[in-house]
Amino acid sequence: MKKLIFTLCLLFAAVHFSEAQIGFGIKGGINYNSDSFRDVSDDIINGNAESRTGFHAGVWLRFKLPMTGWYIRPELVYTSLKSEVELNTTPLTTKANYDFQKIDIPVLLGKKFFKIAYAHIGPSFQYLIDGDLDFDAVSNIKADGFTVGLQLGGGIEIGKVGLDLRWERAFSDVESELISNVGSANFDTRVNQIIIGLSYRF
């Protein structure tokens, strides 16, 4: 009897898994280092947008969960972003641009509305792979690369093309150390982001 029940459970799970629709595609877009949409508009008006803007490109999968209307969307994304760092290694505080690259792996739980709109939320696992500071006195940068954040957003998908808007909030900090010829300084490379993406489903 136990074997029969186990076999029936396996068949039931297989049927439900086969009902799940799997989609995949590519994506790319713009990342903006900011805490709010109001800050973005202020930076654009004041001409400071370029020093905070980056880009992303990657691939995604979407698993539609049977009989629920929900889906799970994992992604693998390469991101290049800019940030502004305050250095206190001299008697005067100096601001410098910090360009860094990272791998993002968001795992989002979402739901579609009105056939074309959707919303999703989930953790984003990230690893800092490289960084470059626009400051000649810095000879080395030591970065603790792994962090976890939260992505929240939504968008529309018409046919195979989707437009996505997200806000990303840090769960943990990434503390990096600058080694310069006048000492060292610590700074946080983990930033909040507003992410605009365009996707294509195959």
- Measure centre to centre between the rings of Phe113 and Tyr118, then say whether the value is under 6.0 Å. no
Side chains of [X] and [Y] in contact at under 4.5 Å (non-hydrogen atoms):
| X | Y | answer |
| --- | --- | --- |
| Asp164 | His120 | yes |
| Trp60 | Arg201 | yes |
| Leu150 | Ile121 | yes |

- Does a sphere of radius 6.0 Å around CZ in Phe202 hold more than 12 heavy atoms from other residues, nucleotides or ligands, not counting ones at 6.0 Å or beyond? yes
Shared hydrophobic cluster, [X] / [Y] (ILVMFWY, side-chain heavy atoms < 4.5 Å):
| X | Y | answer |
| --- | --- | --- |
| Leu76 | Leu108 | no |
| Tyr71 | Val59 | no |
| Leu65 | Leu61 | yes |
| Leu152 | Phe125 | yes |
| Leu198 | Ile26 | yes |

So, taking the atom named [atom1] in [X] and the one named [atom2] in [Y], what distance separates them when rounded to the nearest 0.5 Å?
| X | Y | atom1 | atom2 | value |
| --- | --- | --- | --- | --- |
| Leu165 | Ile30 | CG | CD1 | 11.5 Å |
| Asn192 | Tyr32 | CG | OH | 13.5 Å |
| Ser80 | Asn31 | OG | CG | 9.0 Å |
| Phe24 | Tyr200 | CZ | OH | 10.5 Å |
| Lys115 | Ile156 | NZ | CD1 | 16.0 Å |
| Glu157 | Lys112 | CD | NZ | 4.0 Å |

- Item | Short N-O contact, Glu75 and Arg62, less than 4.0 angstrom | no
If I compare all heavy atoms of [X] with all of [Y], which pair ends up nearest, and what's the gap?
| X | Y | answer |
| --- | --- | --- |
| Ser199 | Arg73 | CB-NH2, 4.3 Å |
| Ile72 | Pro74 | O-CD, 3.6 Å |
| Ile129 | Ile103 | CG2-CG1, 4.1 Å |
| Leu128 | Lys102 | CA-CB, 3.9 Å |
| Ile195 | Gln151 | CD1-NE2, 3.8 Å |
| Leu81 | Asn33 | CD1-N, 4.3 Å |

- Message: Between Gln193 and Arg169, is the side-chain contact (heavy atoms from CB on, under 4.5 Å) condition met? List the steps.
- Response: CA-CA 7 Å; Gln193 300 179 71; Arg169 175 70 179 176; over 6 Å; no
- Main-chain N/O of Leu109 paired with Trp70 side-chain donor or acceptor, under 3.5 Å: no
- With a 3.5 Å cut-off and no angle check, do the side chains of Asp104 and Thr79 form a donor-acceptor pair? yes
